[in-house]
Amino acid sequence: MIQDLEHIETTITENDIWESTKGFLNQNMSLGEDISISILDIIVVITAIFLTTIALRILLRLVTRKLPKEDKSKFNVIYGYFRWVVYIIIFIITLNSVGVNVTAVFAASAALLIGIGLALQTLFQDIIAGIFILVDQTVHVGDIIEIEDKVGRVIEIKLRTTRAVTIDNRVLIIPNHLYLANSLYNWTQNGNTTRETVEVGVAYGSDVQLVKRLLLEVASAEERVLPNPEPSVLFNEFGDSALNFKLVFTVDDSFTAHLTKSEIRFEIDRLFRENKISIPFPQRDIHIIQK
């Protein structure tokens, strides 16, 4: 008899605890006239986001485990965009499943969203441009790009910005919306080799065939210049003060092409001095007429 009473008492106590817990979890918080959410709903939403995070990480590992390092970097960019889209979808679906009036939430936050949208137009432009970069494959990690007269090698593409390292080893942070408003030059989309030029002018009366031979000799002697396609020399024009030539050559690392051009200019100056070929500078004669 006594054991039965203890069992009944324990059962009643457990029921009281359960009822108290249910009452606490079912406490509603009103966020407006038509919007109400309970503590249990919040726990469910957090649990759904947590499980989604685990599932996305497992998916990322499964997809990238056999990919080369370069492709993993590209996929991580895609994953960054995809993850946030999935979070938003799961969040809305979970709210709707637990009985929250999602339509009322959107209606109540419409004015706030409009205000935020107006204040963060540039941010939205950056995000949209980031998606365009991903879709049309304009830029990849490792590409050398030029935008607004700035050149850098891309090291990271994020949702809002692209990070690149410049020739002088400075980090260049590019807001993605600049891709929509400016011309973008991708130096390496067609490969790492690029055609470079060095221009030089010589005095009138110089032996132009000798000039051509010396320029080709300089290009052929430079170790960073590729032998194929062969360097060439163009006679550009008869300038005001000089005969203008352009030396055209190919390099396999456009990011360091400025160093190659500098060495070529040093060697051109040396050979021209040895062969008595002068590089003129603009001169003007001023005639003063007194009346």
Side-chain angles (χ1 to χ4, degrees), residues 64 66-78 132-158 161-174 176 178-179 182-202 209-236 244-272 274-275 277 279:
T64 60
K66 295 184 179 180
L67 292 178
K69 185 177 180 180
E70 182 180 352
D71 291 340
K72 281 185 179 180
S73 299
K74 297 176 183 178
F75 189 84
N76 285 336
V77 177
I78 300 174
F132 285 161
I133 293 172
L134 177 65
V135 172
D136 64 13
Q137 300 291 296
T138 304
V139 179
H140 300 88
V141 173
D143 284 355
I144 299 173
I145 61 172
E146 178 182 350
I147 187 170
E148 290 190 335
D149 298 325
K150 298 180 180 65
V151 178
R153 189 191 300 274
V154 177
I155 58 175
E156 188 177 20
I157 301 174
K158 293 186 176 182
T161 60
T162 297
R163 295 176 68 234
V165 176
T166 62
I167 294 174
D168 51 2
N169 201 33
R170 296 179 181 177
V171 176
L172 178 64
I173 300 176
I174 309 170
N176 287 337
L178 292 180
Y179 295 125
N182 297 274
S183 296
L184 170 69
Y185 296 93
N186 192 324
W187 290 10
T188 53
Q189 192 168 53
N190 291 330
N192 292 327
T193 60
T194 56
R195 296 286 279 176
E196 305 291 341
T197 61
V198 171
E199 297 184 9
V200 63
V202 300
Q209 293 300 323
L210 176 61
V211 171
K212 178 180 180 180
R213 181 172 60 82
L214 293 176
L215 291 177
L216 291 176
E217 180 182 330
V218 170
S220 300
E222 174 56 45
E223 59 182 9
R224 283 174 286 199
V225 173
L226 298 178
N228 189 24
E230 294 182 353
S232 60
V233 175
L234 302 178
F235 193 157
N236 271 0
N244 295 320
F245 292 83
K246 179 186 290 186
L247 175 62
V248 184
F249 53 92
T250 305
V251 297
D252 59 0
D253 186 2
S254 55
F255 201 59
T256 59
H258 64 291
L259 300 176
T260 304
K261 291 180 180 181
S262 177
E263 291 299 321
I264 286 177
R265 292 187 183 102
F266 275 122
E267 190 64 14
I268 289 174
D269 181 73
R270 184 185 69 82
L271 286 180
F272 277 14
E274 289 181 358
N275 290 272
I277 297 176
I279 301 176

*Excluding sequence neighbours, so at least two apart, what forms ring-ring contact (aromatic ring centres under 6.0 Å, His included) with F235?*
F238, F245
_Partners passing side-chain contact (heavy atoms from CB on, under 4.5 Å) against D252 (at least two apart in sequence or in another chain)_ = T193, L226
_Set of residues satisfying ring-ring contact (aromatic ring centres under 6.0 Å, His included) with respect to F272, sequence neighbours excluded_ = none
*Provide the closest heavy-atom pair for V139 versus I157 in the form atom of the first, atom of the second, distance.*
O-CD1, 3.6 Å
_Could you work out, with side-chain contact (heavy atoms from CB on, under 4.5 Å) as the rule, every residue matching D168, not counting sequence neighbours?_
T166, R170
*Which residues pass the side-chain contact (heavy atoms from CB on, under 4.5 Å) test with S232, sequence neighbours left out?*
R195, V248
*Would you check if I144 and V151 make a side-chain contact, meaning some heavy-atom pair closer than 4.5 Å?*
yes
Check residues 258-265 and write down every donor-acceptor pair under 3.5 Å in which the side-chain atom is one partner and the other belongs to a residue at least two apart or another chain.
{"residue": "K261", "atom": "NZ", "partner": "E196", "partner atom": "OE1", "Å": "3.3"}

*Residues in side chain to side chain donor-acceptor pair (under 3.5 Å) with N244, at least two apart?*
E237
*Non-neighbouring partners of E156 that pass side chain to side chain donor-acceptor pair (under 3.5 Å), sequence neighbours left out*: R163
*How would you list, by chain and number, every residue that makes a side-chain contact (heavy atoms from CB on, under 4.5 Å) with E274, sequence neighbours excluded?*
R270, L271
*asked:* Per the salt bridge (Lys or Arg N to Asp or Glu O under 4.0 Å) rule, what does the pair list look like for residues 226-236, sequence neighbours excluded?
replied: none
_Partners meeting side chain to side chain donor-acceptor pair (under 3.5 Å) with R224 (sequence neighbours left out)_ = E222
*Between T194 and W187, what is the shortest heavy-atom contact and its length?*
CG2-O, 3.5 Å
*All side chain to side chain donor-acceptor pair (under 3.5 Å) counterparts of N182, not counting sequence neighbours*: none
*Check whether any side-chain heavy atom of V200 sits under 4.5 Å from a side-chain heavy atom of I279, and report yes or no.*
yes
